[in-house]
Amino acid sequence: MKPVYGLGIESSCDETALAVLKDGVEVLSKPLFSQIALHEDYGGIVPEIASRAHLEKLPLLLDQCMQDLAEANLSLNDLSYVAVTMRPGLQGSLLIGYQAALAISHQANAALIPIHHLEAHFYAARFSQWSPSYPFLGVLLSGGNSSMFVVNGLGNLEKIADTMDDAAGEALDKAAALLGLPYPGGPSLDRLASVYEELPEEENPLPVILSDQPRSLFDFSFSGLKTALLYTIKKQPEYSKEKLAFYFRERIIQLVTRNLKKAILKTSLRTVIAAGGVLANPRLGKRLKELAQEMNVEIIIPAREYCTDNAVMVSSLGHCYFTSGEIPESYFVTSKNNFTWEKLRN
Ligand code: KG4
């Protein structure tokens, strides 16, 4: 069969990324520019800076893709589809990726496939020996989202849990800022916490999150923990930053594993894909592997470089849509923020 080549474009937040895949799983090119250094001084992402950086870097990354294609005796004209993250994300940043995708798809006479970023995160698992099969339980923990879905098929995701306030990554980022750690907080807090291999649970000064949450509920909440950290820093100076980082991370991991366990029991699903930037955390990954053994289920975590935002996952999901013939139409034309999953399918 003729191979299918497809380009993915990701520009929803602070990563400008392109990826060309062969048949959805073989990476031919994956240039990525991380804007971390540009936002560092501000302690968070500045949308205007993000948009400008996407505008500046995207053509350079496209040049890189074209060079990589040329080395494989290919060109943009060989692309069958161009998949692009349409939402959620920063509006200006998304627009830049979309305009680029539109132009390239016209030029290459390739199908334009709008992609929902959260759905794409799960398809990073295709690079960890997962071939799409449904249903599965999708867990997404990133800087902006903490949710769980029953994924019944392409564009068919039923949200069964969400965060009631902050996202897990957001909580880690804010906690790191309280501890005076550099941006982005998740990895710096993890580095500090990793000074300790283990600490006694009974000495954790931070409260167990949602300790009275019923078994049937598994929504997340992380903002109270951040407040508890603030008061502990002020009132219990005997706790070093390293210990607080460790105990904070521990509470987050506890809630994630506890609620995932409840969701597995409730849905009886045997395959879990856990994705998003927070899954780049090795201790969380280890705990989830232990949970998989305990519950006799398969928990797939994409490789670390594909946990955080990237275009490989976008192109990979684009490939699934392209080959299924079910290209989501026109939802991207509606620029309202109240996007629903149904719109992706209409
Ligand atoms: O999926 P992602 O790259 O995109 C956004 O949501 O923007 O996730 C970013 C989040 C940030 O909050 C970051 O602090 C967190 O993932 N993160 C980590 C680690 N690496 C990134 N959190 C904990 N441990 C890490 N190693």
Side-chain angles (χ1 to χ4, degrees), residues 10-17 19 30 32-40 42-47 49-50 53-54 85 87-91 93-94 97 115-125 138-147 162-163 165-179 181-195 220 222-223 225-226 245-257 273-288 301-314 317:
E10 164 60 39
S11 69
S12 63
C13 195
D14 60 340
E15 263 93 19
T16 320
K30 53 171 181 179
L32 181 147
F33 174 76
S34 165
Q35 300 180 5
I36 284 178
L38 303 181
H39 300 285
E40 208 167 11
Y42 304 92
I45 295 154
V46 183
I49 293 177
H54 288 305
T85 297
R87 62 186 64 223
L90 302 170
Q91 200 62 37
S93 296
L94 288 167
I115 293 293
H116 195 286
H117 181 84
L118 304 192
E119 185 179 18
H121 265 295
F122 299 129
Y123 289 77
V139 182
L140 190 78
L141 301 171
S142 68
N145 295 277
S146 290
S147 27
D162 206 344
T163 178
D165 39 60
D166 288 353
E170 185 182 359
L172 284 160
D173 292 340
K174 288 177 177 170
L178 289 175
L179 292 169
L181 303 175
Y183 170 87
S188 20
L189 185 138
D190 188 54
R191 269 192 299 278
L192 199 68
S194 301
V195 166
F220 300 107
F222 296 106
S223 73
L225 188 63
K226 177 191 65 194
F246 182 94
Y247 281 131
F248 189 89
R249 185 186 62 182
E250 214 53 15
R251 286 290 182 244
I252 297 226
I253 293 174
Q254 259 175 15
L255 181 65
V256 170
T257 43
I273 298 179
V278 177
L279 271 304
N281 189 286
R283 188 163 173 104
L284 175 60
K286 188 167 162 256
R287 282 293 164 77
L288 294 189
I301 302 173
R304 203 174 298 179
E305 68 168 316
Y306 297 147
C307 279
T308 48
D309 288 351
N310 65 86
V312 168
M313 66 188 196
V314 175
L317 175 57

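Numbers here simply count residues along the sequence, with the first being 1. Whatever order the structure lists ligands and atoms in, that order sets their numbers, starting from 1. Below, all heavy atoms of this structure are taken into account, side chains as well, without hydrogens, waters or symmetry copies. Please read all numbers here as calculations on a predicted model, not as lab measurements.
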Polar-atom distance check: [X] versus ligand 1, any N or O pair below 3.5 Å?
| X | answer |
| --- | --- |
| Asp14 | no |
| Pro184 | no |
| Gly169 | yes |

Distance check, rounded to the nearest 0.5 Å: [X] atom [atom1] versus [Y] atom [atom2]?
| X | Y | atom1 | atom2 | value |
| --- | --- | --- | --- | --- |
| Ile45 | Cys13 | CD1 | SG | 3.5 Å |
| Leu118 | Asn145 | CG | CG | 4.5 Å |
| Ile273 | Leu279 | CD1 | CG | 11.0 Å |
| Thr163 | Leu140 | OG1 | CG | 12.0 Å |
| Arg251 | Ile253 | CZ | CD1 | 11.5 Å |

(message) Any heavy atom of His121 closer to ligand 1 than 4.0 angstrom?
(response) yes
(message) If the threshold is 4.0 Å, N to carboxylate O, is there a salt bridge linking Arg283 and Asp190?
(response) no
Identify, for [atom], the protein heavy atom at the shortest distance, and state residue, atom and that distance.
| atom | answer |
| --- | --- |
| atom 14 (O) of ligand 1 | Asp173 OD1, 2.6 Å |
| atom 17 (N) of ligand 1 | Gly277 O, 3.5 Å |
| atom 9 (C) of ligand 1 | Gly143 N, 3.7 Å |
| atom 23 (C) of ligand 1 | Asn281 ND2, 3.5 Å |
| atom 2 (P) of ligand 1 | Asp309 OD1, 3.6 Å |

(message) Angle between ring planes, His117 versus His121, binned at 30° and 60°: parallel, tilted or perpendicular?
(response) perpendicular
(message) Counting only heavy atoms closer than 4.0 Å, does ligand 1 sit against the backbone of Leu172, its side chain, both, or neither?
(response) side chain
Under 4.0 Å to a heavy atom of [X] - the qualifying atoms of ligand 1, by number:
| X | value |
| --- | --- |
| Gly144 | 6 (O) |
| Thr308 | 3 (O) |
| Ser142 | 1 (O), 6 (O), 8 (O) |
| Ala280 | 20 (N), 26 (N) |

(request) Evaluate salt bridge (Lys or Arg N to Asp or Glu O under 4.0 Å) for Glu10 paired with Lys30, printing each intermediate quantity in order. (result) CA-CA 11 Å; Glu10 164 60 39; Lys30 53 171 181 179; over 6 Å; no
(message) In the structure I gave you, are the side-chain heavy atoms of Leu192 and Phe248 within less than 4.5 Å of one another anywhere?
(response) no
